[in-house]
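Reminder, nothing fancy here: chain letters follow the sequence lines and each chain counts from 1.
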There are 2 protein chains.
Amino acid sequence: MATTETADRTNGEATGGCPDDLAYDVFARNCPSRDTLKHITDRWGSLTLGALLDGTFRFNELRRRVDGVSEKMLSQTLHALERDGLVHREAQQTNPPRVDYALTPLGHQVARQLRALIDLVEDRMPQVLQARERYDAEHTAR
Amino acid sequence: MATTETADRTNGEATGGCPDDLAYDVFARNCPSRDTLKHITDRWGSLTLGALLDGTFRFNELRRRVDGVSEKMLSQTLHALERDGLVHREAQQTNPPRVDYALTPLGHQVARQLRALIDLVEDRMPQVLQARERYDAEHTAR
DNA sequence: CGGTATCCTGCGCGATACTG
DNA sequence: CAGTATCGCGCAGGATACCG
């Protein structure tokens, strides 16, 4: 079991704590908060949380909303987020099966912070693109 | 040139825009905002921006603050962030050389959003760890 | 529909060595 | 000190096939 998590678990996920076990400092390696931050900010993690801010969705609905995610990665991402207590999974024992994913209260708090970041980035993209042009211009001739 | 960026460029960085080129929707693939979000939320990107919120730092000072980052990855990360207009690089032509890195105004806005997320995660880690235990308990016996 | 099991590949990233 | 150059490994993650 937990097959799709292999990569995740073999990764870091140090069960040991931070130097000071009261503070969870992401800047220290071997701190579990770094792993959680990674789950959240990961390519698919961030987009999945962002998508779930809009409501409750079924597996394939999510796949469509998070453009480009594969079945495997969405599944893996959802498991990690569920394990961290950010996503709630509700399966109805019907045929065909129906599974709904939603944010937990904690997940909602996180997702809102994340969304604020995403909105900021989207809003400032013109500045970013402009900065890139400047940078590239200076570094190609140089 | 741009040697360390190879991976980055070969990646996505689609110069084409989003379907609608006025909105930069991270949920759509091939949208440049997704790349920028990646730079920001990347393992080292997030930590580097977070570290720079505390002030201006030299290369090796940053290396020490962002525990575990290699020279190569820090260099690469800083270049990406500088290119996106989030980090300002100021080199003094002295011997030994001295280079200072600081956030741009835009970088500051982004970093503050990011920091809010990081603080939230660190603050809620006990809940996360508790959720993990519950999850693991339910899924190992099962 | 809602996944899991497997296989395979590219590139993320660390280690090491070298430069100005 | 502040990087770049190069090599190599390992995992992220896509493609495909299969299952309840």
Would you classify A:Arg89 as touching base, sugar-phosphate or nothing, given that sugar-phosphate means primed atoms plus P, OP1 and OP2, and contacts are heavy atoms under 4.0 Å? sugar-phosphate
Full working for side chain to side chain contact (heavy atoms under 4.5 Å, CB included) between A:Leu120 and B:Gln109: CA-CA 8 Å; A:Leu120 179 63; B:Gln109 294 175 21; 3.8 Å; yes
Kindly point out which of D:dC7, D:dA15, D:dC1 is positioned nearest to the side chain of B:Lys72? D:dC7
Do B:Asp54 and B:Arg115 meet the salt-bridge criterion of a basic N to acidic O distance under 4.0 Å? yes
When rounded to whole Å, the CE to P distance for the pair B:Met73 and C:dT16 reads 17 Å
Flag, side chain of B:Glu90 to backbone of B:Val99, donor-acceptor distance under 3.5 Å: no
Listed nucleotide nearest any side-chain atom of B:His79, set C:dC1, D:dG13, D:dT4: D:dT4
Side-chain N or O of A:Arg58 closer than 4.0 Å to phosphate OP1/OP2 of C:dG2: yes
Along DNA chain C (nearest heavy atom to each residue), the more 5'-positioned of B:Glu71 and A:Leu78: A:Leu78
Strictly below 4.0 Å: does A:Arg98 bring a side-chain N or O up to OP1 or OP2 of C:dG3? no
note: B:Gln76, atom CD; D:dG3, atom C1'; distance rounded to Å ~ 13 Å
Given DNA chain D, 5'-ward residue of the pair A:Pro97 and A:Val69, judged by closest heavy atom: A:Val69
Which of D:dA17, C:dG14, C:dC1 is nearest the side chain of A:Pro96? It is C:dC1
Starting at atom CG of B:Leu74, determine the distance to atom P of C:dG12, rounded to an integer number of angstrom. 17 Å
Does B:Ser75 have a side-chain nitrogen or oxygen under 4.0 Å from the phosphate oxygens OP1 or OP2 of D:dT4? yes
Expressed in angstrom and rounded to an integer, what is the separation of B:His139 atom NE2 from C:dG3 atom C1'? 13 Å
Can you tell me the distance, in whole Å, between the NZ atom of B:Lys38 and the C1' atom of D:dG13? 11 Å
Sidechain N-carboxylate O distance under 4.0 Å for A:Asp136, A:Arg134: no
Looking at C:dG14, I'd like to know if its phosphate oxygens (OP1 or OP2) sit under 4.0 Å from a side-chain N or O belonging to B:Arg43. yes
For the residue pair B:Phe59 and B:Tyr101, does the interplanar ring angle fall in the parallel (under 30°), tilted (30 to 60°) or perpendicular (over 60°) class? tilted
Please report, rounded to the nearest Å, how far the C1' atom of C:dG3 is from the CG atom of A:Asn95. 14 Å
To the nearest angstrom, the CZ-P distance between A:Arg63 and C:dG2 comes to 11 Å
Here the distance between atom P of C:dC1 and atom OH of A:Tyr101, to the nearest Å, is 14 Å
Choosing from C:dA17, C:dG2, D:dA2, which nucleotide comes nearest the side chain of B:Val99? D:dA2
